[in-house]
Protein chains: 2
Amino acid sequence: MERWRPRSLRKDVRTIGYHHGDLRRTVLDAAVDAIGESGLDGWSLRELARRAGVSHAAPAHHFGDKAGLLTALAAEGFDLLAATLKQAGPDFLEAGLAYVRFATEHPVHFGVMFQPKLYRADDDAVQQARERAGALLAQGARAVAGSAAGSENTARAGWSIAHGFASLWLAGALTEPAGSDPVDAARPVLRRLLER
Amino acid sequence: MERWRPRSLRKDVRTIGYHHGDLRRTVLDAAVDAIGESGLDGWSLRELARRAGVSHAAPAHHFGDKAGLLTALAAEGFDLLAATLKQAGPDFLEAGLAYVRFATEHPVHFGVMFQPKLYRADDDAVQQARERAGALLAQGARAVAGSAAGSENTARAGWSIAHGFASLWLAGALTEPAGSDPVDAARPVLRRLLER
DNA sequence: CCCTGATCTAGTCATTGACAAGTTCGAGAC
DNA sequence: GTCTCGAACTTGTCAATGACTAGATCAGGG
């Protein structure tokens with residue numbers, strides 16, 4: 001976009017000089033935007049660099065390579081999910097709705113998180129964040145399972161129905177309930193696991 | 001791999017001459033293999049061409065571009081899903097298990113199908129195949145929903161739990177039930193939607 | 001025998017991911 | 001104040017890729 005200028009002339013504009021200030025954050029946000037617009041294939045590290053106004057190799061310093069950037073995205077996603085679940089509390093229905101809310105509010109993170117082949121799933125930050133979110137998920141699952149026999153399967157059922165609804169919604173497969181709020185649409189569906 | 005040879009010398013090996021015979025099928029299969037091995041990013045049209053032993057531009061003739069190939073894959077996937085559901089019959093549990101079986105037996109197709117941004121979802125072949133599969137899905141859903149009020153939501157719950165279980169299994173998120181058969185693992189989970 | 005359309009080859013160009021080497025800059029040591 | 005050092009970023013480069021164009025080959029019908 002903007003032509004390169006000598007350092008001295010650039011200093012005046014914010015802190016955008018040789019040191020960007022928070023390039024990592026900026027590139028990460030640009031990636032979310034780009035992927036959200038064009039899908040998981042419609043972006044490149046170089047494009048993100050252009051959006052951020054830095055050289056084509058700058059992002060590599062922070063993320064190494066493309067997989068590294070997606071790894072960071074996944075880790076951030078699990079952290080966001082953990083935060084959302086924590087806020088929802090231990091009730092199953094609330095946890096499930098929070099899960100759906102997270103997925104629809106952060107569709108790019110959600111999409112990356114559950115495609116381990118896209119990133120380095122064995123990364124430390126990812127694993128730790130995943131465990132934090134997993135613990136909170138288990139908590140919500142226990143609420144519906146109680147301590148009855150087969151509680152494992154009930155927990156899996158809870159996770160599956162929330163995850164499935166969110167995935168199908170994001171895929172545009174549930175167009176019939178119209179463009180209403182996904183969380184409202186999810187409520188009566190998730191309830192089916194409780195009532196009968 | 002193999003050097004180019006005049007037509008006369010190549011004819012002896014199968015029907016691999018200027019006309020491959022069934023390049024479309026071959027490339028499609030190669031794509032499934034490649035994506036299965038390296039994920040949705042780890043393949044290229046040129047690599048598929050090399051695997052098939054044709055020039056780097058040959059696949060483009062059949063699919064146009066990368067998205068065209070994935071479009072063909074998605075259409076094939078919906079057809080395969082329809083066939084699997086048809087075989088399972090109208091019972092909800094059987095349909096759900098068939099859904100899971102399809103996803104785990106054709107993980108690449110499944111993964112592509114529900115990421116519309118990767119391909120041309122408005123393609124005719126895709127839409128028709130999607131509708132065929134959708135009709136059979138609705139049939140299985142009706143089995144659990146009956147004609148009660150809120151049957152729409154019950155149907156969505158059925159689809160969600162099957163889709164969610166399949167997705168999580170493929171993502172490696174359900175490692176705890178060990179490497180057992182995914183369909184066996186799904187049975188008690190799907191049942192939770194029926195019993196209580 | 002030739003014509004036509006489908007299939008595939010060959011050549012090209014801008015773009016990309018990844019890497020190597022050099023430059024700038026901030027912060028702490030002295 | 002100056003020196004040093006490491007982190008942040010730039011510049012340059014290369015093989016690989018997607019997409020496009022033009023041309024070659026082949027099969028079948030007239």
Side-chain angles (χ1 to χ4, degrees), chain A residues 1-28 30-31 34-35 38-72 118-120, chain B residues 1-28 30-31 34-35 38-72 118-120:
Chain A
M1 302 270 170
E2 199 169 19
R3 306 265 339 123
W4 186 91
R5 288 179 291 165
R7 216 76 45 239
S8 55
L9 293 180
R10 301 180 68 190
K11 258 306 190 188
D12 50 355
V13 185
R14 297 298 172 79
T15 29
I16 303 198
Y18 219 100
H19 286 62
H20 178 283
D22 199 359
L23 182 58
R24 186 187 157 88
R25 180 75 263 148
T26 303
V27 169
L28 227 33
I35 296 176
S38 318
L40 280 165
D41 269 3
W43 63 285
S44 68
L45 288 176
R46 290 170 111 100
E47 184 199 342
L48 303 186
R50 271 178 304 231
R51 289 199 193 196
V54 294
S55 84
H56 65 84
H61 174 72
H62 292 278
F63 304 105
D65 56 7
K66 237 176 158 183
L69 197 159
L70 293 179
T71 301
L118 290 179
Y119 62 95
R120 284 183 271 278
Chain B
M1 302 277 171
E2 198 169 19
R3 307 261 344 123
W4 186 90
R5 287 179 290 165
R7 215 72 45 239
S8 55
L9 292 182
R10 302 181 68 189
K11 258 305 190 188
D12 50 355
V13 185
R14 298 296 173 78
T15 31
I16 304 198
Y18 217 101
H19 288 62
H20 178 282
D22 199 358
L23 182 58
R24 186 185 157 87
R25 182 73 264 150
T26 303
V27 169
L28 227 34
I35 297 176
S38 319
L40 280 165
D41 270 3
W43 63 285
S44 68
L45 288 176
R46 291 170 112 101
E47 184 200 341
L48 303 186
R50 274 183 299 247
R51 288 200 193 196
V54 294
S55 83
H56 64 85
H61 173 72
H62 293 277
F63 304 105
D65 56 7
K66 237 177 157 181
L69 197 159
L70 293 179
T71 302
L118 289 179
Y119 61 95
R120 284 183 271 278

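Values below: all heavy atoms of this structure, side chains included; hydrogens, waters and symmetry mates excluded. Chain identifiers are assigned alphabetically (A, B, ...) following the order of the sequence lines, protein sequences preceding nucleic acid strands; residue numbering begins at 1 within each chain. Small disclaimer: the values here were computed from a predicted structure and weren't measured.
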Can you measure [X] atom [atom1] to [N] atom [atom2] for me and round it to whole angstrom units?
{"X": "A:Leu48", "N": "C:dT16", "atom1": "CG", "atom2": "C1'", "answer": "12 Å"}
{"X": "A:His62", "N": "D:dT10", "atom1": "NE2", "atom2": "C1'", "answer": "13 Å"}
{"X": "B:Glu47", "N": "C:dT16", "atom1": "CD", "atom2": "P", "answer": "21 Å"}
{"X": "A:Phe63", "N": "D:dA8", "atom1": "CZ", "atom2": "P", "answer": "11 Å"}
{"X": "A:Asp65", "N": "C:dC19", "atom1": "CG", "atom2": "C1'", "answer": "11 Å"}
{"X": "A:Leu69", "N": "C:dT16", "atom1": "CG", "atom2": "P", "answer": "15 Å"}
{"X": "A:Leu23", "N": "C:dT24", "atom1": "CG", "atom2": "C1'", "answer": "15 Å"}
{"X": "A:Asp41", "N": "C:dG17", "atom1": "CG", "atom2": "C1'", "answer": "14 Å"}

Applying side chain to side chain donor-acceptor pair (under 3.5 Å) to B:Arg24 and not counting sequence neighbours gives none
Applying side chain to side chain donor-acceptor pair (under 3.5 Å) to A:Arg25 and not counting sequence neighbours gives A:Asp29, A:Glu76
Donor-acceptor pairs under 3.5 Å, side chain of residues 56-67 of chain A to any protein atom, not counting sequence neighbours: which ones?
unit_1, atom_1, unit_2, atom_2, d
A:Asp65, OD1, A:Ala67, N, 3.4
A:Asp65, OD1, A:Gly68, N, 2.9
A:Asp65, OD1, A:Arg120, NH2, 2.8

B:Ala57 or A:Leu45, whichever maps to the more 5' nucleotide of DNA chain C: B:Ala57
Can you sort out the partners of A:Ser38 under side chain to side chain contact (heavy atoms under 4.5 Å, CB included), two or more places apart, ordered by chain and number? none
Hey, is the side chain of [X] poking within less than 4.0 Å of OP1 or OP2 on [N], counting only N and O atoms?
{"X": "A:Arg46", "N": "C:dA14", "value": "no"}
{"X": "A:His56", "N": "D:dT13", "value": "no"}
{"X": "B:Ser55", "N": "C:dC8", "value": "no"}
{"X": "A:His61", "N": "D:dC9", "value": "no"}

Note the angle between the end axes of the helix from C:dC1-D:dG30 to C:dC30-D:dG1, five pairs defining each, rounded to 10 degrees. 0°
Please name the pair of heavy atoms, one in B:Asp22 and one in B:Thr26, separated by the smallest distance, quoted to 0.1 Å. O-OG1, 2.9 Å
If every non-hydrogen atom of A:Arg51 is compared with every non-hydrogen atom of A:Ala30, which pair is closest and at what distance? NH1-O, 4.0 Å
Taking the side chain as every heavy atom from C-beta outward, state whether A:Leu45 and A:Leu69 have any atom pair closer than 4.5 Å. yes
